[in-house]
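Here the structure comes first, spelled out in structure tokens, and everything after it is commentary.
Computed from heavy atoms alone, side chains included, the values below leave out hydrogens, waters and symmetry copies. As the structure lists them, so they are numbered: ligands from 1, and atoms in each ligand from 1.
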Amino acid sequence: MSRAAQVAALTRAARFDLCVPESEEGKRARRMPGLSIASGRCRRMMKVLLHGRCAYDCAYCGVRTCRQDCSLSPAELADIFLKMWREGRADGLFLSSGIPRDVDEAMEGIVETGEILRRRGYDGYMHLKVLPGAARSDITDLARVADRISINIEAPSASRLSELAGVKDYRQDIEKRQTWVADAMPGRHTTQLVVGAAGESDAEVLTCIAGQYRRLAPARIYYSGFSPLAGTPLASHDPTPLWRQNRLYQADALLRLYHFSMEEVAGVLDEEGFLRNADPKRLLARERPRVDVNRAPLADFLRVPGIGPKNARRVLAAREKAPLRSERDLRACGVRGRGVGRYVAFGDGDVQSGIFDF
Ligand code: SF4
């Protein structure tokens, strides 16, 4: 296989690892093989694997089906990335790997790639993956050179993972390593779940992630909707609809950004523990009285659909100077959300009117 074909295969294989929600990746990613458009500081991320073959048996994963020797050495990958960076074609690297022989060897390759890049003057964004079962010393070394590190939990529990992957031990290979990752890079690590491959409900997913945010404080959790791949044991399994993935991101935001409790979020699940295809924040707001713009505390503002943490603080600052009288005053504070007026009131009379109808 030529070098160009290898790079193409390794970047294609990395597409299921997320470093921003898929909905935030731009269309340009499809026109630039190997590049995903990430949000924020890093705008053009090269997502790539070091090894495109894996001896593990995760039923949802296409890398396990690769029979060709598709690998780059750390020095080769560093050369390719530095060339793209210097030419202005990439300004961030997301590096993961299959595990063709043993995990230590694959991890050492990821660490070495990061170290070479830093030695050779690359000072941009690097997100490096921790593989299941990684040694603590390798995790510490990754954290020294990377801006972000992550290990995928893949499933919400040990029993769900055992339905998908016989080799990985959820408690030892993943949960224990997650605590090391959180120690090595507090608040700047992430994780990812595959949604819909193991028949898990959204209640299981949300209970799992509520525990993750409480115990380990990851910066983000990503949801990768299951997509069946030819040649894998789940090839005939139904794909996860995109809306399920998107609703999970919204429910995640309720826990992570808006301080809803798991018990509150559970209130919008159906009898079988699944989210409906509707904005969970709006569903919850229907059960609550209107929020008094001039008196409500921050926590109540955060529960209003269409108001985020930044704008909630702006409203609080503005009303210190003068009472807010209308939606126009809210718009002046940056509140642009559709239908916000249904959830707020500007005086006692409205507030007393309590729960409103739709
Ligand atoms: S460990 Fe599992 S998910 Fe990761 S590359 Fe190997 S087969 Fe795929």
Check your understanding: Would you find more than 12 non-hydrogen atoms of other residues, nucleotides or ligands less than 6.0 Å from Arg244 atom CZ?
Key -> yes
Study note, to complete from the structure: From the list His189, His127, Gln178, side-chain hydrogen bond (donor to acceptor under 3.5 Å, both in side chains) with Ser150 holds only for His127
Practice item. With 2.8 Å as the limit, jot down which protein N, O or S atoms are around atom 2 (Fe) of ligand 1. Key: Cys58 SG
Review point. Counting only N and O atoms by type, is there a donor-acceptor contact under 3.5 Å from the side chain of Arg247 to the main-chain atoms of Leu275?
Key: no
**Study point:** Exam field: side chain Arg160 to backbone Ala155, donor-acceptor pair closer than 3.5 Å
**Key:** no
**Study point:** Interatomic distance, Ile307 atom CD1 to Lys281 atom NZ [nearest 0.5 angstrom]
**Key:** 7.5 Å
**Study point:** Steps toward side-chain contact (heavy atoms from CB on, under 4.5 Å) verdict (Asp252, Tyr223)
**Key:** CA-CA 10 Å; Asp252 173 304; Tyr223 305 94; 2.5 Å; yes
